[in-house]
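Position 1 is the first residue of the sequence, and the numbers go up from there. It should be emphasised that the depicted structure is a prediction, and the values quoted were computed from it without experimental measurement.
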Amino acid sequence: MKNTAKYTRQFFPAPAGEMNWAKKTYIDKAPSWCSVDLRDGNQSLIIPMSLQEKLDFFQLLVKVGFKEIEVGFPAASETEFIFLRTLIEQDLIPDDVTVQVLTQSREHIIRKTFDALKGCKNAIVHLYNSTSVAQREQVFRKSKEEIIKIATDGAELFNKIAAETGAKFRYEYSPESFTGTEPEFALEICNAVLDIWKPTKDRKAIINLPVTVELSMPHVYANQVEYMCNNLKYRDCVEVSLHPHNDRGCAVADSELGLLAGADRIEGTLFGNGERTGNVDIITLALNMYAQGVDPQLDFSNMPEITELYERVTRMHVYERSPYSGKLVFAAFSGSHQDAIAKGMKWREEKNCDTWTVPYLPIDPTDVGREYETDVIRINSQSGKGGIGYLLEHNFGYVLPAKMREDVGYTVKNVSDHAHAELSPAEVLEVFKSNYININNTVKLIDYHFVRQQDITAYVSIEIDGEVKEIRATGNGRLDAISNALKKALNIDFTDLTYEEHALSAGSTSQAVTYLSVTFANGKKSWGAGVHDDIIASSINALFSAINRGISQ
């Protein structure tokens, strides 16, 4: 590409440190979570949420288990002010949930923010101002000292209003555009704010380090976070919070490495909604932890419900490949993937496994409200015998022999290929039924009965090309006698008659299903299946299915 010379690195690496975060291999406990869906998420929508939609979303966030929810910028618009007042006046905020509100460091905005919180039991008041070189030089045209004064003036006003009103809310400060700020300056301004608030262990302050714009690789951000965590004053009285955006597509990595680097808290949104490329997706972060045996303290066990409400109130669409939540993230179309999943599931059943290690599935889809039958094995022209066999077995109870699975697989894939479409489980079943079960077309079975003498004698009535034939033949068993009758009537030979059978469903009314193959004199093998209340009848139906399929192909 052209014009690379116009770009320069806008981030500032942290002073050399120990990089202790790089020695860790996993996150061992959940952070504090703060949803900013109703603020960052809402302001990024083409059509912002209505009051009722916000209330619906708030209730969803509470149900999922968020204990901190940013509800807006009440001084910015009447709509956001009314939303907060509605939550308070209608007593919609549970006692164990803290609402968070955002304010710039300007006196009239701060005062209106505290006014909006009157009567609120638990709140975090979030103060911010931009600190990056670009913002200082281009937007505010102020020196470092002047930028620090903006922050400290706001912090002092927080204390003053609290003294006037008796409010005992928690405070949060963000050096906005932290990733474009010199780490030493970010540390200086945060410590200046903390010196005014003087947090305690009983009333911790929050220092939020936002990736307002993602400017570097995640390890650079992790070093910046570790530097701040190691050098902030009052560290044991401060929660270090992260607020990553996704401009480089690394918000999840920024968050995970930032937590390894010492951060305590994450601000983000469901499905990563937010301005530009969005905020960090809390669903992905939380379920990444869950997939490694760590309880995220959030409940995403009904992902379809969460997705439906989110799409309704935001008018956004959850991408089909979005980790854990997309409609296709557990779907396997590839034949080899389907086969591995099917064998993995069988292994779990055989070994009664306590842990989840199924190939290609990082978590059990049912843990997030998905179904194996419709969400995992998906059938199209790329599918294989394993997946198709798995679907027929687990959805409909047909346990096909291994060799028959291959034959059925090719038949189903051929239908999908010609239709140029995915086949639903019901459509796969219909292909199987119409091509293999009780096929009685070219050679039609009309009636039969048996007489036991020294051997079994079969009296069979069939119809071929409109002509009814009565055949008598003997065999060492009923199916053998019927086979000999067909060989005589059709003047053909077939050998290697093999079959398997099982009950199709449990209970006294269950039907028997038989799978049967024959090999003709030319070496061609044909499979058929029969279903009937009687096991002998199902075997005979399977034989006629195999013969009809063989002579018509």
Legend entry - Mutual orientation of the aromatic rings belonging to H245 and H243 [parallel < 30°, tilted 30-60°, perpendicular > 60°]: parallel
Inset, instruction - Verify whether one side chain among W21 and N223 offers a donor that lies under 3.5 Å from an acceptor in the other. - result: yes
Inset, instruction - Determine whether the side chains of Q52 and D56 contain a donor N or O and an acceptor N or O closer than 3.5 Å. - result: yes
Inset, instruction - Using a cut-off of 6.0 Å, state whether more than 12 heavy atoms not belonging to K63 lie near its atom NZ. - result: no
Legend entry - Pair V99-I124, side-chain contact (heavy atoms from CB on, under 4.5 Å): steps then yes or no: CA-CA 6 Å; V99 294; I124 296 168; over 6 Å; no
Legend entry - Option from Y173, F169, Y171 for which ring pair (Phe, Tyr, Trp, His ring centres under 6.0 Å) with F158 holds: Y171
Inset, instruction - Inspect the surroundings of NZ in K327 and state if more than 12 heavy atoms from other residues, nucleotides or ligands are less than 6.0 Å away. - result: no
Inset, instruction - Please indicate whether E18 has more than 12 foreign heavy atoms, meaning atoms of other residues, nucleotides or ligands, lying under 6.0 Å from its CD. - result: no
Legend entry - Stepwise side chain to side chain donor-acceptor pair (under 3.5 Å) check, N20 with K23: CA-CA 5 Å; N20 285 318; K23 302 171 188 176; 3.1 Å; yes
Legend entry - Donor-acceptor side-chain pairing of E146 and S143 below 3.5 angstrom: yes
Legend entry - Any E70 side-chain heavy atom under 4.5 Å of R39 side chain: yes
Legend entry - Check: Y372/D364 side-chain N/O donor and acceptor closer than 3.5 Å: yes
Legend entry - Check: Q135 and F140 side chains under 4.5 Å, non-hydrogen atoms: yes
Inset, instruction - Before giving the answer on side chain to side chain donor-acceptor pair (under 3.5 Å), spell out for N208 and S174 the whole-Å C-alpha distance, their side-chain angles and the decisive distance to 0.1 Å. - result: CA-CA 5 Å; N208 189 50; S174 287; 2.9 Å; yes
Legend entry - Electrostatic pair K144:E188 at N-O distance under 4.0 angstrom: no
Legend entry - Ion pair E172/K204, N-O distance below 4.0 Å: no
Legend entry - Donor + acceptor pair across side chains of S32, E239 (<3.5 Å): yes
Legend entry - Close side-chain approach of L51 and T86, heavy atoms under 4.5 Å: yes
Inset, instruction - Report yes or no: do D367 and Y290 form a side-chain donor-acceptor pair below 3.5 Å? - result: yes
Inset, instruction - In plain terms, say whether E267 and R265 are close enough for a salt bridge, that is, a side-chain N and a carboxylate O under 4.0 Å apart. - result: yes
